Amino acid sequence: MEITDGIHRIETPLGDRVNCVYLFVGTRSALLFDTAIGPAITSHVEPYLAGVGVEPTRIRYVLNSHCDWDHHGGNGAVRDLAPAAVFCCHELDRPLVEDADLLFARRYDELAADGITEPAATRPFVAASTRQVPMDLGLSGGERFCLGSGWAVDLLHTPGHSRGHVSIYDPRSRTAVVGDAVLGNAVLLADGSPAFPPTYRYAGTYLATVQRLQAIGPDRLLTAHYPVYSGPDVAEFLGETRAFADRAEAALREELAAAAEPVTMRALTERLGSRLGQWPGEANQFLSQPLLGHLERLERYGLVHRSRADGRTAYAWTVDR
């Protein structure tokens with residue numbers, strides 16, 4: 001559907017969740033923000049383009065928000081549709097967008113040595129439903145995409161979920177299209193119930209991204225996996241995002257300060273999962289991503305120390321109880 005003049009939200013399925021792609025249609029060219037996964041391009045994006053009268057060859061830019069397979073997995077299919085389009089993402093995420101093996105090694109299996117990995121079915125599903133292509137352009141934030149008739153949208157570097165996550169801000173309609181840059185207090189299923197924890201990875205920059213978006217104060221916030229937020233709902237969602245990160249760090253501090261011995265990441269996710277959200281218990285392992293970000297932050301402050309025991313990393317509070 002067209003959310004505001006020239007900005008279209010294309011909802012595609014991702015199992016029992018919603019995964020949105022955004023189409024910016026100007027008088028001169030079009031920009032596609034994220035590509036979901038390959039099958040969704042055929043089943044949802046192509047028909048939508050036809051329905052609104054946009055030829056695929058009119059797409060001049062394809063922008064990947066960040067290095068997660070459900071946001072760039074359709075790149076190969078879109079390349080087939082729009083062979084002349086310029087594919088781009090932030091330079092910090094570019095290696096992982098272009099290489100699925102690197103994506104798993106550095107992102108999804110980062111804590112494999114500590115017994116935390118993606119479910120076994122994920123990798124074959126990714127291999128079957130995604131196709132990587134080389135990026136034509138690496139971005140840094142601050143770039144402007146001119147779409148015709150004086151309409152230009154701005155690229156924002158909005159890290160935290162990943163190092164190179166980017167968003168688009170449209171000054172004309174005061175709309176921010178943010179992908180996974182901010183994640184509320186849980187990632188949602190299509191019915192609105194919690195699926196798993198917010199999976200930001202770098203706590204400091206995530207909080208800075210929330211603050212930046214709050215300072216902009218957009219009238220409309222468009223995400224990948226949530227409903228459309230407008231008016232006061234924008235501020236509420238951003239506030240929920242900040243509040244979850246604050247609660248996660250506070251709970252982590254309390255847990256470590258009370259522990260008699262160092263605590264592994266697996267144990268931390270199990271102990272804190274029910275305190276921080278109402279997602280299914282098996283989703284607690286995804287809490288490892290934000291917790292690791294907060295632990296790294298606390299380490300830099302000298303408040304947490306990490307050690308290895310029995311092949312696992314464990315964390316201890318260093319401040320006198």
Side-chain angles (χ1 to χ4, degrees), residues 66 110-111 116 156-163 165 167 176 178-188 192-218 221 223-227 229 231-259 262-281 283-306 315-321:
H66 66 287
E110 182 181 14
L111 292 173
I116 298 175
L156 308 180
H157 183 203
T158 50
H161 180 59
S162 72
R163 294 189 188 279
H165 194 295
S167 302
V178 300
D180 286 354
V182 285
L183 295 164
N185 55 33
V187 179
L188 304 180
S193 59
F196 51 84
T199 50
Y200 59 93
R201 172 61 184 82
Y202 306 99
T205 52
Y206 186 66
L207 291 170
T209 285
V210 175
Q211 186 175 22
R212 184 178 189 186
L213 291 171
Q214 288 174 323
I216 292 171
L221 191 74
T223 69
H225 309 297
Y226 302 84
Y229 296 112
D233 291 339
V234 174
E236 183 175 355
F237 184 72
L238 293 174
E240 286 178 355
T241 300
R242 175 65 197 241
F244 179 88
D246 289 344
R247 285 195 299 114
E249 185 158 313
L252 186 58
R253 285 171 174 252
E254 291 171 9
E255 187 66 35
L256 291 178
V263 187
T264 66
M265 180 63 80
R266 174 68 72 181
L268 286 170
T269 62
E270 292 171 354
R271 294 178 191 179
L272 297 181
S274 61
R275 288 180 60 181
L276 293 174
Q278 298 181 343
W279 45 78
N284 283 338
Q285 73 161 6
F286 298 111
L287 197 55
S288 60
Q289 293 186 37
L291 291 184
L292 182 57
H294 287 290
L295 285 164
E296 290 170 342
R297 190 162 114 121
L298 294 170
E299 272 189 292
R300 288 194 291 271
Y301 296 154
L303 300 176
V304 165
H305 171 73
R306 72 171 72 192
Y315 302 88
W317 192 247
T318 61
V319 182
D320 290 340
R321 294 178 177 82

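All residue numbers refer to positions in the sequence shown, counting from 1. All of these numbers come straight from a predicted model, not from anything done at the bench.
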Hey, mind stepping through His305 and Glu299 against side chain to side chain contact (heavy atoms under 4.5 Å, CB included) and telling me if it holds?
CA-CA 6 Å; His305 171 73; Glu299 272 189 292; over 6 Å; no
Closest non-hydrogen atom pair between Leu183 and Thr199, with its separation:
CD1-N, 3.5 Å
Any side-chain heavy-atom pair of Arg253 and Trp317 under 4.5 Å
yes
With rounding to the nearest 0.5 Å, note down the distance linking CD in Glu236 to OG1 in Thr241.
10.5 Å
Any side-chain heavy-atom pair of Gln285 and Arg266 under 4.5 Å:
yes
Nearest atoms (heavy-atom pairs only) where Pro198 meets Ala186
CG-N, 3.7 Å
With Tyr315, which of Leu252, Leu298, Leu292 fulfils side-chain contact (heavy atoms from CB on, under 4.5 Å)?
Leu292
Hey, mind stepping through Glu249 and Arg297 against side chain to side chain contact (heavy atoms under 4.5 Å, CB included) and telling me if it holds?
CA-CA 10 Å; Glu249 185 158 313; Arg297 190 162 114 121; 3.2 Å; yes
If we only count heavy atoms from C-beta on, is the Gln214 to Val210 side-chain gap below 4.5 Å?
yes
Do you know which two heavy atoms are closest between Val234 and Leu221, and how far apart they sit?
CG2-N, 3.8 Å
Tell me, with the steps shown, if Phe196 and Leu287 meet side chain to side chain contact (heavy atoms under 4.5 Å, CB included).
CA-CA 8 Å; Phe196 51 84; Leu287 197 55; over 6 Å; no
Can you measure from CG (Leu156) to CG (Leu213) and round to the nearest 0.5 angstrom?
7.0 Å
Show your working on salt bridge (Lys or Arg N to Asp or Glu O under 4.0 Å) between Arg201 and Glu296 and close with a plain yes or no.
CA-CA 10 Å; Arg201 172 61 184 82; Glu296 290 170 342; 2.8 Å; yes
For Ser288, enumerate each residue passing the side-chain contact (heavy atoms from CB on, under 4.5 Å) test, keeping only those at least two apart in sequence or located in another chain.
Leu111, Ile116, Met265, Thr269
Between Arg163 and Tyr202, does the side chain to side chain contact (heavy atoms under 4.5 Å, CB included) criterion hold? Intermediate values first, please.
CA-CA 7 Å; Arg163 294 189 188 279; Tyr202 306 99; 3.5 Å; yes
Shortest non-hydrogen separation from Asp180 to Ala224 and the atoms involved:
OD1-CB, 3.5 Å
CG (Leu207) and OH (Tyr200) are apart, to the nearest 0.5 Å, by 7.0 Å
Under 3.5 Å, is there a donor on one side chain and an acceptor on the other for Thr158 and Thr209?
no
Taking all heavy atoms of Ser162 and all of His66, pick out the closest pair and write down the distance.
OG-CB, 3.4 Å
Indicate the atoms forming the closest heavy-atom contact of Phe244 with Gly184, along with that distance.
CB-O, 3.7 Å
Without placing hydrogens or testing angles, list every side-chain donor-acceptor pair under 3.5 Å for residues 270-280, not counting sequence neighbours.
unit_1: Arg271; atom_1: NH1; unit_2: Glu255; atom_2: OE2; d: 3.1
unit_1: Arg275; atom_1: NH2; unit_2: Glu254; atom_2: OE1; d: 2.7
unit_1: Trp279; atom_1: NE1; unit_2: Asn284; atom_2: OD1; d: 2.7

What class does the angle between the rings of Tyr229 and Phe237 fall in, given that below 30° is parallel, 30 to 60° is tilted and above 60° is perpendicular?
parallel
Any chance the rings of Tyr206 and His165 have centres within less than 6.0 Å?
no
